[in-house]
Amino acid sequence: MRLFNTLTRQLEEFAPSRDNTVRMYTCGLTVYARGHIGNFRTFVCMDVLRRALKYVGGWHMHHVVNFTDVDDKTIAGAQQEGVSLREYTDRYIAAFHEDAAILGLEPVEDMPRATDPANLEAMGNMIKALDERGHTYVSEGSVYFKISTMPDYGKLARLHHEGMQAGARVDADEYAKDDARDFVLWKATKPGEPTWDVGVGPGRPGWHIECSAMALRLLGEAPIDIHAGGVDLIFPHHENEIAQSECATGRQFSRFWVHAEHLLVDDKKMSKSLGNVYSPKDIVDHGHRVSALRYLLLSSHYRKQLNFTWSGLAQAEESLTRLTDFLARLQSLPPGEAHPAVVERVDAARQAFDSALGDDLNTAAGLAAMFDLVRVINGAIDARDVSSTDATAITDLFTHFDSVLGVISLRRAEDETPPVPVEEIEQLVEARKDARRRRDFGEADRIRKDLEARGILLEDGPQGTRWKRA
RNA sequence: GGCGCCGUCGCCAAGUGGUAAGGCAGAGGUCUGCAAAACCUCCAUCCCCGGUUCAAAUCCGGGCGGCGCCUCCA
């Protein structure tokens with residue numbers, strides 16, 4: 001499996017370093033607000049990476065996705081609402097789980113939160129290790145990482161210090177630093193803020209330390225295999241994680257760094273002032289299905305910016321329908337032997353799909369392999385060259401496709417709760433069948449239009465009438 | 001000011017040296033009580049200008065256009 005490594009800016013052959021288990025860490029959500037579709041673009045991409053490693057690469061996963069549940073925004077939010085930090089962040093963690101479920105994210109092995117005692121302790125230990133090795137200094141009660149003690153600082157982001165002066169907005173931190181580029185490991189306690197004592201003075205974690213500490217605590221000895229997140233995290237977050245982890249352990253932190261590009265909305269970055277920040281739930285409130293959003297996210301490469309539009313979502317909806325219509329059609333094929341021509345096509349499609357996904361997660365090419373198969377098999381069905389035995393093989397292959405893409409199963413789950421009760425639909429389909437038998441097409445069409453208005457489509461075929469959600 | 005990415009059919013989107021995948025939309029046809037679905041046919045020479053090469057959307061140079069990072073951010 002080939003993956004683009006931000007560290008080298010090249011495609012590299014990936015395999016886990018030990019035990020056939022991929023040790024992967026994805027930077028998760030800061031839980032001061034409900035996650036938006038931009039956040040979820042990253043999470044869906046990493047979910048597909050995770051699934052591809054499992055179901056195409058054949059490896060086991062130990063995948064950690066964290067919650068940042070303490071920072072300026074969470075503290076401010078909790079204070080504003082007069083609730084505890086824990087209570088405040090619990091809400092958004094619950095919302096995340098809700099949205100993750102409707103988007104079909106596969107549960108990961110660990111979802112730690114920064115303020116859990118074991119994690120805070122791990123942070124304290126890492127800071128102590130850094131201190132022993134001479135990488136820290138204390139200023140006004142806060143502990144800082146001293147960049148000048150790390151010669152290869154900047155290797156991930158590849159930022160050159162000279163160029164940073166001219167137009168860069170210099171960090172107007174409220175804490176004093178020796179060098180503008182130094183970053184805080186542990187922030188001194190301020191009145192009214194939550195505080196912990198983990199052996200480096202009372203205070204709270206700096207942003208970067210939590211990921212380093214949790215990744216190594218949960219995934220074991222450095223280097224881990226993959227560290228992932230959105231592109232905006234490359235600097236400073238991931239760069240600083242590398243600095244802390246490598247200076248504390250003396251070893252490489254992560255072998256691969258994988259970054260998902262941003263999602264734009266109507267060609268603009270999402271922002272509250274533009275009113276274009278949507279959560280997965282907003283997609284539903286706009287009358288769309290979340291499966292269409294997942295499909296849309298899959299339809300372009302994870303390292304390219306993706307422009308979200310409502311019409312793009314509608315197109316995704318139609319494309320996905322073509323796949324599910326095809327699978328429905330496979331249900332009613334006559335029994336018989338497997339056809340060699342079909343078997344050959346199925347094998348070719350599997351190969352094309354796996355090779356696309358194994359090539360730096362080329363989901364768009366993977367989808368094309370699926371549609372190629374759909375077209376060919378549809379034609380073969382019309383020619384009566386597909387048996388139920390073939391159908392089983394094809395269905396199995398689609399199960400494989402979807403183990404990685406996770407979009408068809410999502411759509412099916414949605415279909416289980418149609419806008420009209422299934423019993424009523426079936427009753428009306430029966431009534432319409434009678435009407436058609438009587439050649440009372442007026443009544444038959446009336447029933448169909450009535451159901452259509454309520455979100456149910458009827459299709460007459462040789463095997464009878466099939467219904468589906470609009 | 002520094003670093004980097006992108007520009008392929010009306011829309012979305014693969015392809016990165018060998019003569020343009022796939023999806024949506026559209027046109028015509030087959031099938032159907034009518035629809036829908038399905039199938040068949042049609043629908044691009046790759047932002048512009050130079051260069052390298054037998055051969056370039058793919059490599060190099062220069063433009064034009066869009067975007068990102070350098071600051072909290074997926």
Side-chain angles (χ1 to χ4, degrees), chain A residues 9 26-30 32-33 35-46 68 71-73 154 157-173 180-181 207 228-237 239 259-264 267-271 295-296 298-301 303-307 309 311-323 325-326 328-329 352 356 359 362-383 436 439-442 444-445 448-449 452 457-462 465-466 468:
Chain A
R9 310 287 151 107
T26 301
C27 288
L29 209 56
T30 300
Y32 66 94
H36 52 65
I37 57 177
N39 294 311
F40 280 99
R41 188 217 182 166
T42 297
F43 300 144
V44 167
C45 288
M46 297 317 160
T68 297
D71 79 320
D72 292 346
K73 285 175 182 162
R158 301 191 180 183
L159 293 172
H160 301 295
H161 311 147
E162 310 80 57
M164 286 173 70
Q165 309 309 332
R169 285 155 286 186
V170 176
D171 186 3
D173 202 306
R181 293 175 299 126
W207 174 32
V231 278
D232 51 321
L233 296 182
I234 293 172
F235 191 88
H237 187 234
E239 192 67 59
H259 293 98
E261 250 299 347
H262 274 176
L263 175 94
L264 303 177
D267 286 312
K268 294 183 195 84
K269 202 168 168 174
M270 271 184 282
S271 75
Y295 182 98
L296 180 66
L298 260 28
S299 68
S300 78
H301 191 85
R303 283 193 289 114
K304 275 192 145 180
Q305 288 179 345
L306 187 159
N307 185 33
T309 62
S311 81
L313 189 64
Q315 286 179 26
E317 177 77 55
E318 293 306 316
S319 304
L320 183 52
T321 301
R322 179 166 162 85
L323 294 178
D325 279 346
F326 170 73
R329 199 179 179 202
D359 184 15
N362 193 339
T363 48
L367 287 170
M370 292 170 71
F371 282 105
D372 277 335
L373 183 66
V374 167
R375 191 187 58 255
V376 169
I377 298 298
N378 264 326
I381 292 174
D382 285 350
R436 291 181 73 207
R439 303 197 66 79
D440 182 356
F441 296 120
D445 290 348
R448 188 169 62 199
K449 278 185 184 136
E452 187 177 343
L457 300 178
L458 299 187
E459 290 176 8
D460 299 323
T465 300
R466 177 174 100 80
K468 65 178 182 184

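These values consider heavy atoms only, across backbone and side chains, with no hydrogens, waters or symmetry-generated copies. Chain letters run A, B, ... following the sequence lines, proteins first, then strands; residues in each count from 1.
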Legend entry - Any A:Arg303 side-chain N or O less than 4.0 Å from OP1/OP2 of B:C67: no
Pairwise N/O distances under 3.5 Å, protein to nucleotides 9-11 of chain B:
residue, atom, partner, partner atom, Å
B:C11, O2', A:Gln315, NE2, 3.2
B:C11, O2, A:Gln315, OE1, 3.0
B:C11, O2, A:Gln315, NE2, 3.4

Legend entry - Watson-Crick/G-U partner (both atom distances under 3.5 Å) of B:C42: B:G26
Inset, instruction - May I ask you to say what A:Asp372 touches in the nucleic acid, namely base, sugar-phosphate or nothing, with a heavy-atom cut-off under 4.0 Å? - result: sugar-phosphate
Inset, instruction - Return the set of residues passing salt bridge (charged side-chain N to carboxylate O under 4.0 Å, His left out) with A:Arg303 (not counting sequence neighbours), or none when no residue passes. - result: A:Asp360
Inset, instruction - State which of B:C72, B:G33, B:A74 makes the closest approach to the side chain of A:Asp445. - result: B:G33
Inset, instruction - Using a 4.0 Å heavy-atom cut-off across all strands, classify A:Leu296 as base, sugar-phosphate, or nothing. - result: nothing
Inset, instruction - Using a heavy-atom cut-off of under 4.0 Å over every strand shown, decide if A:Met270 touches base, sugar-phosphate, or nothing. - result: base
Legend entry - Length of the CD-P vector between A:Glu239 and B:C72, whole Å: 14 Å
Inset, instruction - Could you check which nucleotide pairs with B:G50 in any of the strands shown, counting Watson-Crick or G-U wobble with both distances under 3.5 Å? - result: B:C60
Legend entry - Under 4.0 Å protein heavy-atom contact, by nucleotide of nucleotides 40-46 of chain B - B base, S sugar-phosphate only: -------
Inset, instruction - Nearest whole angstrom, please: distance from the C1' of B:G22 to the CD of A:Glu318. - result: 16 Å
Inset, instruction - Using atom CG of A:Leu306 as one end and atom C1' of B:C6 as the other, report the distance to the nearest whole Å. - result: 13 Å
Inset, instruction - Would you kindly give the CZ-to-C1' distance between A:Arg439 and B:U32, to the nearest whole Å? - result: 12 Å
Inset, instruction - Would you please name every residue forming a ring-ring contact (aromatic ring centres under 6.0 Å, His included) with A:Phe326, sequence neighbours left out? - result: A:Phe398
Legend entry - A:Lys468 side chain near A:Asp325 side chain, heavy-atom distance below 4.5 Å: yes
Inset, instruction - Pick base, sugar-phosphate or nothing for A:Arg329, based on heavy-atom distances below 4.0 Å to the nucleic acid. - result: sugar-phosphate
Inset, instruction - Please give the nucleotide sitting opposite B:A37 as a Watson-Crick or G-U wobble pair, both distances under 3.5 Å, or none. - result: none
Inset, instruction - Rounded to the nearest 0.5 Å, what's the gap from CG on A:Asn362 to CG on A:Leu367? Could you check? - result: 9.5 Å
Return the polar atom pairs (N/O with N/O) between nucleotides 14-20 of chain B and the protein under 3.5 Å, or none.
residue, atom, partner, partner atom, Å
B:A14, OP1, A:His301, N, 2.7
B:A14, OP2, A:Lys304, NZ, 3.3
B:A14, O3', A:Asn362, ND2, 2.9
B:G15, OP1, A:Asn362, ND2, 2.9

Inset, instruction - Would you please name every residue forming a salt bridge (charged side-chain N to carboxylate O under 4.0 Å, His left out) with A:Glu452, sequence neighbours left out? - result: none
Legend entry - Between C1' of B:C31 and CG of A:Asn378, the distance in whole Å: 14 Å
Inset, instruction - With sequence neighbours left out, write down each residue that passes ring-ring contact (aromatic ring centres under 6.0 Å, His included) with A:His237, or none if nothing qualifies. - result: A:Trp207, A:His208
Inset, instruction - Identify the nucleotide, in any strand shown, that forms a Watson-Crick or G-U wobble pair with B:C69, with both distances under 3.5 Å; if there is none, say none. - result: B:G2
Legend entry - Atom-pair distance (NZ on A:Lys468; P on B:A35), nearest Å: 17 Å
Inset, instruction - Select base, sugar-phosphate, or nothing to describe what A:Leu457 touches, counting heavy atoms under 4.0 Å on all strands. - result: nothing
Inset, instruction - Could you pull out all residues at least two apart from A:Asp440 that satisfy side chain to side chain donor-acceptor pair (under 3.5 Å)? - result: none
Inset, instruction - With heavy atoms under 4.0 Å as the rule, sort A:Leu29 into base, sugar-phosphate or nothing. - result: nothing
Legend entry - Set of salt bridge (charged side-chain N to carboxylate O under 4.0 Å, His left out) partners for A:Glu239, sequence neighbours left out: none
Inset, instruction - Quick one: list whatever passes salt bridge (charged side-chain N to carboxylate O under 4.0 Å, His left out) with A:Asp382, sequence neighbours left out. - result: A:Arg329
Legend entry - Nearest-angstrom distance from the residue atom CD1 of A:Ile377 to C1' of B:A37: 17 Å
Inset, instruction - For A:Phe40, enumerate each residue passing the ring-ring contact (aromatic ring centres under 6.0 Å, His included) test, keeping only those at least two apart in sequence or located in another chain. - result: A:Phe43, A:Phe96
Inset, instruction - Output all residues satisfying side chain to side chain donor-acceptor pair (under 3.5 Å) with A:Thr68, sequence neighbours left out; order by chain, then residue number. - result: A:Asn66, A:Glu210
Inset, instruction - Indicate, with a heavy-atom threshold strictly under 4.0 Å, whether A:Phe371 touches base, sugar-phosphate, or nothing. - result: sugar-phosphate
